[in-house]
Asks: 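Here it is, the structure, as structure tokens.
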Amino acid sequence: MLLEPGIVRRRAKMEGERQLIEATAKYGVERLGYDEKFAKRAFENHFGKIVKAQVNKDEVVRAALEDLRQDPPTEAQATSGPDEMDESFLNRFENYAEGATSEELRRRWGRILAAEIRQPGRFSPKVLRTVDEIDPETAKLFESLMRHRVRDALLKPIMPELNFSERVALVSAGLIVEPGMGQSISLIEGDGENGVKFWVFPFGEFAVGLEQNVKLSYGTASPIQDAKGIPAIPAYALTDVGRALSSIIAADENQAGLNFVAKLKDYVDLVPAPLHMFAKNGDGWKEIPVPSGRT
């Protein structure tokens with residue numbers, strides 16, 4: 001048969017590897033018996049690694065418990081989902097937690113574990129891999145940008161401009177979508193009183209609206225742009241990994257939205273165009289005064 005030579009070679013290779021492993025093990029056992037210093041080093045190295053791995057895991061669990069203490073699961077989270085965490089997640093997580101040698105890594109993995117307890121199934125193997133592989137500088141940059149996040153995007157008008165290397169780092173880490181695709185968040189249509197129609201951007205507990213009957217002008221310095229006839233906010237879109245990781249980093253969508261309103265207010269004062277603000281009111285929205293000055 002055509003496959004037979006290849007099979008024979010593989011069998012020979014496997015047999016050779018088996019004999020090599022057995023010979024190495026035999027040598028190690030024999031040396032342990034007559035070389036006390038060698039035995040002591042082997043013992044210390046082996047069990048030292050086990051102890052360090054256990055200490056790392058314990059510290060990660062301690063960080064998770066502290067996170068859960070400060071932000072306990074909601075009643076809906078506590079009464080929904082499976083009673084036990086997925087075994088495949090725990091196996092992967094344990095391997096990563098064993099290598100959490102720094103305080104920063106332990107806090108990061110602790111937040112991952114706490115979030116998975118609140119909402120099982122949130123973190124895929126790809127997300128865990130990213131957390132393990134991301135370099136400290138990129139992780140710190142990503143975390144600093146979360147104050148500019150609204151839902152699944154970072155609002156460009158309210159955040160510092162990212163330089164080329166920063167964009168490359170975030171894209172390479174799988175946290176944001178390639179910026180060259182020109183992402184933006186389109187405003188949605190909404191109805192106000194007296195039949196007035198708005199372009200609306202909801203954020204947190206609030207929303208900002210522009211009357212549709214006012215013709216808008218766009219420029220490079222404008223906080224909004226035209227997206228096929230619909231006003232849109234330039235943004236960096238988060239990937240699925242970026243969205244999962246952003247869920248464990250504190251963010252204030254209300255404040256991010258209000259910062260955008262301040263930028264938009266400067267813009268509409270120049271256009272000019274009426275600017276409206278709304279706050280959630282039960283199942284609906286109630287118009288409120290537009291904040292004066294900067295937030």
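What you see below is based on every heavy atom in this structure, not just the backbone, and it leaves out hydrogens, waters and symmetry mates.
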Asks: For residues Arg92 and Asp132, determine if any side-chain heavy atom of one lies less than 4.5 Å from a side-chain heavy atom of the other.
Replies: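 With C-beta onward as the side chain, the pair stays apart.
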Asks: Treat each ILVMFWY residue as a node, draw an edge where side-chain heavy atoms are under 4.5 Å apart, and state whether Val290 and Phe260 are in one component.
Replies: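 Linked, Val290 and Phe260 end up in one cluster.
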Asks: Hey, does Gln54 have a side-chain heavy atom less than 4.5 Å from the side chain of Asp58?
Replies: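 Yes, at least one pair of side-chain atoms sits under 4.5 Å.
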Asks: Is there a side-chain contact between Met159 and Asn259 (heavy atoms, below 4.5 Å)?
Replies: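 No - every pair of side-chain heavy atoms lies 4.5 Å or more apart.
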Asks: Just do the side chain to side chain contact (heavy atoms under 4.5 Å, CB included) check on Gln212 and Glu189 with the steps written out, would you?
Replies: CA-CA 9 Å; Gln212 289 191 20; Glu189 293 189 355; 3.5 Å; yes
Asks: Looking only at heavy atoms, what is the nearest atom pair of Glu116 and Gly121, with distance?
Replies: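 Residues Glu116 and Gly121, closest heavy atoms: OE2-N, 2.6 Å.
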Asks: Got a sec: does the CD of Glu87 have more than 12 other heavy atoms crowding it under 6.0 Å?
Replies: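 Open.
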Asks: Nearest 0.5 Å, what's the CG-CD1 distance between Leu170 and Ile176?
Replies: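 It is 4.5 Å, given to the nearest 0.5 Å.
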Asks: Using a strict threshold of under 4.0 Å (side-chain N to carboxylate O), is an ion pair present between Lys57 and Glu94?
Replies: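 Yes, this pair counts.
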Asks: Going from CD on Gln183 to NZ on Lys156, what distance comes out if it is rounded to the nearest 0.5 angstrom?
Replies: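 If I round to the nearest 0.5 Å, the distance is 6.5 Å.
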Asks: Linking I/L/V/M/F/W/Y whenever any side-chain heavy atoms sit under 4.5 Å apart, do Leu275 and Phe198 land together?
Replies: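 Leu275 does not cluster with Phe198.
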Asks: Other hydrophobic cluster members with Phe164, side-chain heavy atoms of Ile/Leu/Val/Met/Phe/Trp/Tyr under 4.5 Å, chained?
Replies: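 Once heavy-atom contacts under 4.5 Å are chained together, Phe164 belongs with Val168.
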Asks: Any chance you could measure Asn56, atom CG, to Leu105, atom CG, to the nearest 0.5 Å?
Replies: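 Here the rounded value is 9.0 Å.
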Asks: Show the nearest heavy-atom pair for residues Met146 and Ala251, with the distance to one decimal.
Replies: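 Scanning both residues, the minimum pair turns out to be O-CB, 3.5 Å.
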Asks: Are any non-hydrogen side-chain atoms of Lys197 and Asn213 less than 4.5 angstrom apart?
Replies: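 They are not in side-chain contact.
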Asks: Taking the side chain as everything from C-beta on, heavy atoms only, tell me whether Pro202 gets closer than 4.5 Å to Ile188.
Replies: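 Side-chain contact under 4.5 Å: yes.
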Asks: Using side-chain heavy atoms (C-beta onward) and a distance below 4.5 Å, is Ile134 in contact with Leu175?
Replies: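 Yes - at least one pair of side-chain heavy atoms lies under 4.5 Å apart.
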Asks: Can you tell me if Arg147 uses its side chain to pair, donor with acceptor, with the backbone of Arg149 under 3.5 Å?
Replies: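 Looks like no, no N/O pair under 3.5 Å.
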Asks: Do other residues, nucleotides or ligands put more than 12 heavy atoms under 6.0 Å from Glu161 CD?
Replies: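 Check fails, neighbour count at 12 or below.
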Asks: Quick one: OG on Ser222 to CG on Asp266, what's the gap to the nearest 0.5 Å?
Replies: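 Atom-to-atom, Ser222:OG and Asp266:CG are 11.5 Å apart.
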Asks: Please give me the minimum heavy-atom distance between Ala207 and Val200, naming the atom from each residue.
Replies: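 Between these two residues, the closest heavy atoms are CB-CG1, 3.8 Å.
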Asks: Report yes or no: do Trp285 and Val196 belong to one cluster of Ile/Leu/Val/Met/Phe/Trp/Tyr joined by side chain heavy-atom distances under 4.5 Å?
Replies: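 Shared cluster, yes.
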Asks: Distance check, rounded to the nearest 0.5 Å: Arg106 atom CZ versus Leu113 atom CG?
Replies: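 Between atom CZ of Arg106 and atom CG of Leu113 there are 15.0 Å.
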Asks: Could you walk me through whether His276 and Leu210 pass side chain to side chain contact (heavy atoms under 4.5 Å, CB included), step by step?
Replies: CA-CA 6 Å; His276 299 260; Leu210 293 167; over 6 Å; no
Asks: Parallel, tilted or perpendicular, judged at 30° and 60°: which one describes the rings of Trp109 and Tyr96?
Replies: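 If you compare the ring of Trp109 with that of Tyr96, the planes turn out parallel.
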Asks: Is the Phe89-Phe123 ring centre distance short of 6.0 angstrom?
Replies: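 No; Phe123 has its ring centre 6.0 Å or more from that of Phe89.
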Asks: Classify the angle between the aromatic ring planes of Phe203 and Phe206 as parallel (below 30°), tilted (30 to 60°) or perpendicular (above 60°).
Replies: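 Because their plane-to-plane angle lies in the 30° to 60° range, the rings of Phe203 and Phe206 count as tilted.
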Asks: Starting from Leu65, can I reach Ile248 by hopping between I/L/V/M/F/W/Y residues whose side chains sit under 4.5 Å apart?
Replies: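 Per the 4.5 Å side-chain linkage, Ile248 and Leu65 are co-clustered.
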Asks: Quick test of your reading of the model: are Asp67 and Arg118 salt-bridged, counting only N-O distances below 4.0 Å?
Replies: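 A salt bridge links Asp67 with Arg118.
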Asks: Suppose the criterion is side-chain hydrogen bond (donor to acceptor under 3.5 Å, both in side chains): which pairs have a residue in residues 224-253, not counting sequence neighbours?
Replies: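 Only Arg122-Ser247, Lys126-Asp240 qualify under side-chain hydrogen bond (donor to acceptor under 3.5 Å, both in side chains).
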Asks: I need the single residue from Ile224, Leu264, Ile233 that forms a side-chain contact (heavy atoms from CB on, under 4.5 Å) with Pro157. Which is it?
Replies: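 Single pass found, and it is Ile233.
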Asks: Return yes if a side-chain donor-acceptor contact under 3.5 Å exists between Thr138 and Asp135, otherwise no.
Replies: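 On atom types as modelled, these side chains qualify, holding a pair under 3.5 Å.
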Asks: Taking 4.0 angstrom as the limit, do Arg62 and Glu66 come out as a salt bridge?
Replies: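 No, no charged N to carboxylate O under 4.0 Å.
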Asks: Between Ser144 (side chain only) and Leu141 (backbone N and O only), is there a donor and an acceptor less than 3.5 Å apart?
Replies: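 Between the backbone of Leu141 and the side chain of Ser144 there is a qualifying donor-acceptor contact (under 3.5 Å).
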Asks: Between Glu166 (side chain only) and Asn163 (backbone N and O only), is there a donor and an acceptor less than 3.5 Å apart?
Replies: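 Side chain of Glu166 to backbone of Asn163, a donor-acceptor pair under 3.5 Å: yes, one is there.
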Asks: Are Ile288 and Phe278 side-chain neighbours, meaning at least one heavy-atom pair lies under 4.5 Å?
Replies: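 Contact flag for Ile288/Phe278 side chains = no.
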Asks: Just do the side chain to side chain contact (heavy atoms under 4.5 Å, CB included) check on Ile185 and Leu155 with the steps written out, would you?
Replies: CA-CA 9 Å; Ile185 303 175; Leu155 306 186; 3.6 Å; yes
Asks: Under the side chain to side chain contact (heavy atoms under 4.5 Å, CB included) rule, what do Phe93 and Val60 come out as? Steps first, then yes or no, please.
Replies: CA-CA 10 Å; Phe93 182 86; Val60 167; 3.6 Å; yes
Asks: Ser186 and Ala232: which non-hydrogen atoms are nearest, and at how many Å?
Replies: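 That closest heavy-atom pairing would be CA-CB, 3.8 Å.
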